[in-house]
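Just below is one structure, and these are the notes that go with it.
Keep in mind that what you see is a predicted model, and the values were worked out from it rather than measured.
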Amino acid sequence: MPTELKVPEVGESVTEVEIGRWLVKEGEPVAADQPVVELETDKVNQELPAPVNGALVKILLSEGDTARVGDVIAHIEEGAAGKPSSNGTAAAATPAPAANDQAKPEAAEDTRIMPAAQLLLDEHGLSASEVNATGPGGRLLKEDVLAHIHAKPTTAKAAPEPLEEANQPPTPTPAPAQTPSATDRDEEVVRMTPLRRTIAKSLVSAQQTAALLTTFNEVDMTAVMALRKQYQEGFVKKHGIKLGFMSFFVKASIEALKEFPAVNAEIRGDEIVYKNYYDIGIAIGGGKGLVVPVLRSAERLGFADVEKAIGAYAVKAKENKLAISDMTGGTFTITNGGVYGSLLSTPIVNPPQSGVLGMHGIVRRPIAVGEPGKETVQVRPMMYIALTYDHRIVDGREAVTFLRRVKEIIEDPTRLLIEA
């Protein structure tokens with residue numbers, strides 16, 4: 001009796017998953033705890049391991065199919081070394097076809113042709129045996145047919161020229177009409193991942209349900225950059241990680257949130273919920289899209305703790321190994337578009353939060369420095385910062401003053417030590 005590979009519980013409130021990439025092909029051996037398939041949800045991706053040693057004898061759902069928690073998606077024959085036969089034992093040899101049976105190419109027998117691929121085969125007069133199938137379980141995909149068509153040289157038979165009558169000039173042949181090649185205007189349709197669909201739904205919901213407004217300011221990064229340069233070597237030796245800009249902005253944001261609690265609050269129905277803790281979400285570009293893991297009780301973390309936590313989240317995001325618990329909650333979010341070269345942007349609030357701080361690229365440019373009437377023009381490393389906030393709960397005065405407070409702390413980080 002084959003062992004059933006079932007969709008496990010993948011988190012609270014998650015009832016459906018999308019089948020991702022099959023890591024083992026049908027008929028291949030698997031070891032216990034070896035990842036067999038990737039499962040994608042609207043919050044996180046995870047690999048599903050094999051429960052026993054054996055062979056993956058049957059894949060029931062293809063990549064992109066939807067399954068519910070508890071559904072059987074594959075069968076594993078325990079102890080089998082290869083593709084088993086219908087009676088449950090490993091097939092020793094393939095029986096020869098009967099004499100009166102019509103011989104068929106092996107590839108055509110085993111290949112399962114997807115509908116889009118069959119349409120292309122019929123359109124171009126091809127058979128499945130001519131195309132190399134690369135899909136899960138030996139499926140022939142549309143992409144396989146397209147690759148075969150593009151790689152196949154096109155040769156057109158020249159039509160025989162008619163015999164010309166004596167002393168009669170040849171009839172000029174009109175030039176062929178210039179029509180755009182179909183291959184020059186190809187389109188690729190890709191299904192949105194559950195994570196991308198959730199991101200899209202959440203961001204549209206934020207625009208439709210909240211009264212979003214963005215205010216801007218600029219920060220002179222001279223002091224922070226000098227501080228990093230002065231203590232970077234010792235910081236790395238002691239903590240094993242570099243001192244970045246994000247930890248300064250996390251600390252500055254927390255100090256500003258303490259002074260303006262509405263930016264750290266949320267609306268629940270007709271009530272405002274003020275939170276006396278600071279779970280700061282850090283937007284990270286992961287392998288499947290933008291994710292926002294959360295620094296829990298960030299007010300209790302030191303600079304090194306913040307940098308280590310962000311570094312660990314970045315690695316997990318790149319490998320698609322973030323857990324749902326890593327991204328649950330959050331009272332305020334910080335996003336840094338500057339790492340991608342952004343000079344200025346308007347970040348979108350992550351519901352149900354009421355504010356998000358946007359960092360941007362550092363650009364050296366001339367500014368006026370000094371007291372009024374005694375200014376000098378100096379070239380300084382400047383960064384634009386933006387605060388998008390929900391105007392239903394945060395007033396413009398609070399938002400502008402919040403952002404100015406962040407600016408003051410970043411431009412004079414010693415304020416963090418003396419709480420000034």
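- H75 and L60 make their closest contact through NE2-CD1, 4.1 Å (heavy atoms, listed as atom of the first residue, atom of the second, distance).
- Environment of NZ in K242: sparse, with no more than 12 heavy atoms of neighbouring residues, nucleotides or ligands closer than 6.0 Å.
- Using a 4.0 Å cut-off between charged nitrogen and carboxylate oxygen, K251 and E255 do not count as a salt-bridge pair.
- Looking only at distances, no side-chain donor or acceptor of T335 sits under 3.5 Å from a matching main-chain atom of A283.
- Proximity of N264 to S354: side-chain heavy atoms (C-beta onward) are nowhere separated by under 4.5 Å.
- Between V363 and P381, every side-chain heavy-atom pair lies at or beyond the 4.5 Å cut-off.
- Looking at L403 and I385, their side chains come closer than 4.5 Å, going by heavy atoms from C-beta outward.
- The backbone N or O of D220 lies less than 3.5 Å from a partner atom in the side chain of E411, making a donor-acceptor pair.
- Between H391 and L213 the shortest heavy-atom distance is CD2-CD2, 3.7 Å.
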**Item:** CA sep, side-chain torsions, deciding dist, call: I367, R380, side-chain contact (heavy atoms from CB on, under 4.5 Å)
**Value:** CA-CA 7 Å; I367 63 169; R380 295 289 186 94; 3.8 Å; yes
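- With a 4.5 Å cut-off on side-chain heavy atoms, I334 and M246 count as touching.
- Under the ring pair (Phe, Tyr, Trp, His ring centres under 6.0 Å) criterion, the residue pairs touching residues 247-277 are F248-F303, with sequence neighbours excluded.
- A cation-pi arrangement is present between R365 and Y384, with the terminal nitrogen or guanidinium carbon under 6.0 Å from the aromatic centre and inside a 45° cone about the axis.
- Looking at every heavy atom in both residues, F245 comes nearest to M359 through CB-CE, 4.4 Å.
- In this structure, NZ in K6 is found 15.0 Å from CZ in R68, a value given to the nearest 0.5 Å.
- For the atom pair CD1 of I393 and CD of E266, the computed distance is 8.5 Å after rounding to the nearest 0.5 Å.
- Between the side chain of D279 and the backbone N or O of S297 there is at least one donor-acceptor pair closer than 3.5 Å.
- Under the 4.5 Å side-chain criterion, counting only non-hydrogen atoms from C-beta, I284 is not in contact with V292.
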**Asked** side chain to side chain donor-acceptor pair (under 3.5 Å) between Q353 and T333: does it pass, once the steps are laid out?
**Response** CA-CA 8 Å; Q353 299 173 20; T333 296; 2.7 Å; yes
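- A distance-only check finds a donor-acceptor pair linking the side chain of T388 to the backbone of P347 [under 3.5 Å].
- Atom CZ in R296 sits 11.5 Å away from atom CD1 in I280 (nearest 0.5 Å).
- Taking the side chain as every heavy atom from C-beta outward, L295 and V306 approach each other to under 4.5 Å.
- The two residues L212 and A206 make their nearest non-hydrogen contact at CD1-O, 3.9 Å.
- Note that CD1 of I149 and CD of E130 are 10.5 Å apart. Values are rounded to the nearest 0.5 Å.
- Residues M327 and V294 are not in side-chain contact: their nearest non-hydrogen atoms beyond the backbone lie 4.5 Å or more apart.
- With respect to the salt-bridge test (charged N to carboxylate O, under 4.0 angstrom), the residues E408 and R405 qualify.
- The pair D395-R397 fails the salt-bridge criterion, with no side-chain N (NZ, NE, NH1 or NH2) lying under 4.0 Å from an Asp/Glu carboxylate O.
- With hydrogens and angles ignored, the 3.5 Å screen pairs no side-chain donor or acceptor of T401 with any backbone N or O of E398.
- Rounding to the nearest 0.5 angstrom, the gap separating the CZ atom in R404 from the CD1 atom in I409 is 12.5 Å.
- Between the side chain of D65 and the backbone N or O of S62, at least one donor-acceptor pair lies under 3.5 Å.
- V406 and S253 get closest at one heavy-atom pair: CG2-CA, 4.4 Å.
- Here the CD1-CG distance, from I310 to L301, works out to 9.5 Å after rounding to the nearest 0.5 Å.
- Judged purely by atom type and a 3.5 angstrom limit, D326 uses its side chain to pair as donor or acceptor with the backbone of A323.
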**Message:** Apply side-chain contact (heavy atoms from CB on, under 4.5 Å) to residues E18 and L39 and explain how you reach the verdict.
**Reply:** CA-CA 6 Å; E18 185 173 295; L39 302 179; over 6 Å; no
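- Remark: side-chain polar atoms of E4 are not paired, donor with acceptor, to backbone N or O of V72 under 3.5 angstrom.
- When side chains are defined from C-beta on, K258 counts as touching Y278, because their heavy atoms get closer than 4.5 Å.
- A 6.0 Å sphere centred on CG of D122 holds more than 12 heavy atoms belonging to other residues, nucleotides or ligands.
- E40 places no side-chain N or O within 3.5 Å of a backbone atom of V17 that could act as its donor or acceptor partner.
- Note on ring orientation: taking the six-membered ring where Trp is involved, the planes of F235 and H239 are tilted (angle from 30° to 60°).
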**Message:** Determine whether R392 and I267 satisfy the following criterion, side-chain contact (heavy atoms from CB on, under 4.5 Å), listing intermediate values before the conclusion.
**Reply:** CA-CA 9 Å; R392 297 177 301 168; I267 293 178; 3.8 Å; yes
**Request:** Test side-chain contact (heavy atoms from CB on, under 4.5 Å) on W22 and I73 and set out the steps.
**Result:** CA-CA 11 Å; W22 282 95; I73 61 175; 4.2 Å; yes
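- Nearest heavy-atom pair across F332 and V356 is CE1-N, 3.8 Å.
- At least one donor-acceptor pair closer than 3.5 Å links the side chain of H360 to the backbone N or O of S345.
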